[in-house]
Amino acid sequence: MNMVTIDKVKDWLFALSDIYSENREYLTELDSAIGDADHGINLDRGFSAVRAEIEKMSSGGVQGAAGQGPDSFSSLFKTVSMTLIKTVGGASGALLGTFFLRISQAVKSEKEMDGRELVSLFEKGVEGIKMRGHAEEGDKTMLDTWLPALRAMGDAASSGGSTGEILSAGLKNAEAGMNATKDMKALKGRASYLGERSIGHLDPGAVSSCLMIKTASEILR
Ligand code: ADP
Ligand code: MG
């Protein structure tokens with residue numbers, strides 16, 4: 001099985017900073033339909049700060065968390081979490097911060113993991129999003145991308161799929177889940193204030209999560 005190295009994970013995080021900068025207007029436009037028009041701005045700000053922090057860490061200036069050394073998965077993910085919580089704001093800052101915090105606490109490998117461990121980390125991260133936001137599948141949130149994606153990733157992992165196969169299977173379900181948010185009525189977050197009027201629009205967080213999984217499937221394979 002192809003291993004997910006710490007360098008690949010850094011490349012993924014750097015690519016997310018590019019992707020959210022390219023999609024800043026699009027995500028913000030989606031959020032202007034059913035929210036407060038800041039989702040793209042929030043993620044662009046957050047992930048460009050993540051890029052800056054990783055560059056600082058990698059140049060050896062900063063010690064990692066809890067004696068893990070500056071270059072382990074756990075300190076990398078902890079840094080991502082803290083940076084997102086500090087800089088993103090909004091619901092998505094707390095939720096994505098929790099996602100990466102749970103991952104940093106659950107990761108067992110130091111610099112290299114297999115696809116199975118990656119799936120189990122995504123599962124831990126998404127459990128954190130559920131606990132923090134009290135949302136379920138069908139509420140028209142980022143979970144409508146993540147939960148179907150995780151089911152496909154789990155199936156591919158238990159049938160012995162490669163890391164690339166696991167992530168491709170996840171992406172397929174992520175896209176379907178994201179598209180399904182269009183016809184849903186929002187039951188959580190700011191969009192829920194609109195009630196029926198939230199129907200007919202994609203959920204911005206479902207779209208940004210799909211971009212996260214798409215980028216993972218291109219880079220972590
Ligand atoms: P805010 O809504 O505070 O302006 P953002 O615009 O950055 O924050 O993020 C909005 C996205 O956050 C939504 O599109 C939705 O996917 C996600 N979200 C909001 N509330 C929840 C929740 N309780 N659980 C999961 N995701 C949520
Ligand atoms: Mg918003």
Side-chain angles (χ1 to χ4, degrees), residues 13 16-51 80-103 106 121-151 153 170-171 173-216:
L13 294 162
L16 286 176
S17 144
D18 294 337
I19 288 290
Y20 290 138
S21 152
E22 285 159 24
N23 287 278
R24 176 188 161 103
E25 311 301 327
Y26 174 53
L27 293 170
T28 295
E29 208 176 282
L30 292 173
D31 196 32
S32 78
I34 59 169
D36 57 351
D38 64 357
H39 191 56
I41 298 166
N42 288 344
L43 291 188
D44 182 28
R45 186 174 55 240
F47 280 86
S48 69
V50 164
R51 176 196 286 277
V80 175
S81 164
M82 294 302 141
T83 306
L84 292 177
I85 289 169
K86 254 194 307 203
T87 60
V88 174
S92 61
L95 294 166
L96 291 175
T98 303
F99 175 81
F100 283 104
L101 184 64
R102 291 295 182 94
I103 289 178
L121 293 179
F122 283 157
E123 284 167 352
K124 288 282 179 345
V126 170
E127 268 168 38
I129 295 177
K130 278 181 91 169
M131 298 246 321
R132 181 87 202 219
H134 306 287
E136 303 283 339
E137 199 167 347
D139 287 352
K140 195 181 180 102
T141 70
M142 56 178 79
L143 290 173
D144 291 302
T145 294
W146 272 110
L147 292 170
L150 284 178
R151 284 196 291 274
M153 289 186 207
L171 175 59
N173 268 20
E175 284 169 344
M178 170 191 81
N179 286 323
T181 64
K182 188 159 184 182
D183 297 327
M184 291 176 188
K185 178 172 130 181
L187 297 176
K188 284 285 170 345
R190 234 175 249 287
S192 65
Y193 310 155
L194 290 180
E196 300 285 332
R197 281 182 294 134
S198 64
I199 297 172
H201 304 277
L202 288 172
D203 176 64
V207 175
S208 62
S209 290
C210 192
L211 290 169
M212 187 177 284
I213 294 168
K214 180 165 192 276
T215 309

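This structure is a prediction, so every number in the text was calculated from the model and none was measured. In listed order, ligands and their atoms are each counted from 1.
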Quiz item: Looking at the Mg ion (ligand 2), which N/O/S atom of D31 is the nearest one?
Solution: OD2
Quiz item: What is the nearest protein non-hydrogen atom to atom 2 (O) of ligand 1, stated with its residue, atom name and distance?
Solution: R190 NE, 3.5 Å
Quiz item: Below 3.5 angstrom, do we get any N/O pair linking G133 and ligand 1?
Solution: yes
Practice problem: Name whichever N, O or S atom of D38 ends up nearest to the Mg ion (ligand 2). | Solution: OD1
Self-check item: Sub-4.0 Å atoms of ligand 1 with respect to non-hydrogen atoms of A135
Solution: 24 (N)
Practice problem: Any atoms of ligand 1 less than 4.0 Å from a non-hydrogen atom of D31? List them with their elements. | Solution: 6 (O)
Self-check item: Heavy atom of the protein closest to atom 5 (P) of ligand 1 (residue, atom name, distance)
Solution: H39 ND1, 3.4 Å
Quiz prompt | K214 NZ: over 12 foreign heavy atoms closer than 6.0 Å | solution = no
Quiz item: Between S209 and A206, is there a donor-acceptor pair closer than 3.5 Å when you use the side chain of the first and the backbone of the second?
Solution: no
Exercise. Can you figure out which of T141, D203, D36, D139 has its heavy atom closest to atom 13 (C) of ligand 1?
Key: D203
Self-check item: Distance filter under 4.0 Å to D38 heavy atoms, resulting ligand 1 atoms
Solution: 4 (O), 5 (P), 6 (O)
Quiz prompt | Part of P204 within contact of ligand 1 (heavy atoms, under 4.0 Å) | solution = both
Self-check item: S48 versus S17, closest heavy-atom pair with distance
Solution: CA-OG, 4.1 Å
Quiz item: So which heavy atom on N42 is nearest to which on G89, and how close?
Solution: ND2-O, 4.2 Å
Quiz item: Quick check: does any side chain N or O of T28 sit under 3.5 Å from a backbone N or O of R24, one acting as donor and the other as acceptor?
Solution: yes
Exercise. Provide the atom name of the closest N, O or S atom of D36 relative to the Mg ion (ligand 2).
Key: OD1
Practice problem: Can you spot which of L96, L211, N23 makes a side chain to side chain contact (heavy atoms under 4.5 Å, CB included) with L43? | Solution: L96
Quiz prompt | Closest to atom 8 (O) of ligand 1 (judged by heavy-atom distance), picking from S209, A91, S192 | solution = A91
Quiz item: Would you call W146 and I213 a side-chain contact if the rule is heavy atoms closer than 4.5 Å?
Solution: yes
Exercise. Could you say whether the N/O atoms of G205 and ligand 1 ever approach to under 3.5 Å?
Key: yes
Quiz item: Taking the six-membered ring for Trp, are F122 and F99 parallel (under 30°), tilted (30 to 60°) or perpendicular (over 60°)?
Solution: parallel
Self-check item: Any N/O pair S92/ligand 1 closer than 3.5 Å
Solution: yes
Quiz prompt | Close-contact set for ligand 1 against L95 heavy atoms, below 4.0 Å | solution = 18 (N), 21 (C), 22 (C), 24 (N), 25 (C), 26 (N), 27 (C)
Quiz item: Is any NZ, NE, NH1 or NH2 atom of the basic residue among D31 and R190 found under 4.0 Å from an Asp or Glu carboxylate oxygen of the other?
Solution: no
Quiz item: Is there a side chain to side chain contact (heavy atoms under 4.5 Å, CB included) between K140 and I34 once you walk through the steps?
Solution: CA-CA 11 Å; K140 195 181 180 102; I34 59 169; 3.8 Å; yes
Exercise. Identify, for atom 20 (N) of ligand 1, the protein heavy atom at the shortest distance, and state residue, atom and that distance.
Key: G189 CA, 3.5 Å
Self-check item: Part of M142 with heavy atoms under 4.0 Å of ligand 1, whether side chain, backbone, both or neither
Solution: both
Practice problem: Below 4.0 angstrom from a heavy atom of N42, which ligand 1 atoms are there? Numbered from 1 as shown, please. | Solution: 5 (P), 7 (O)
Quiz prompt | Within-4.5 Å side-chain heavy-atom neighbours: E136 and L187 | solution = no
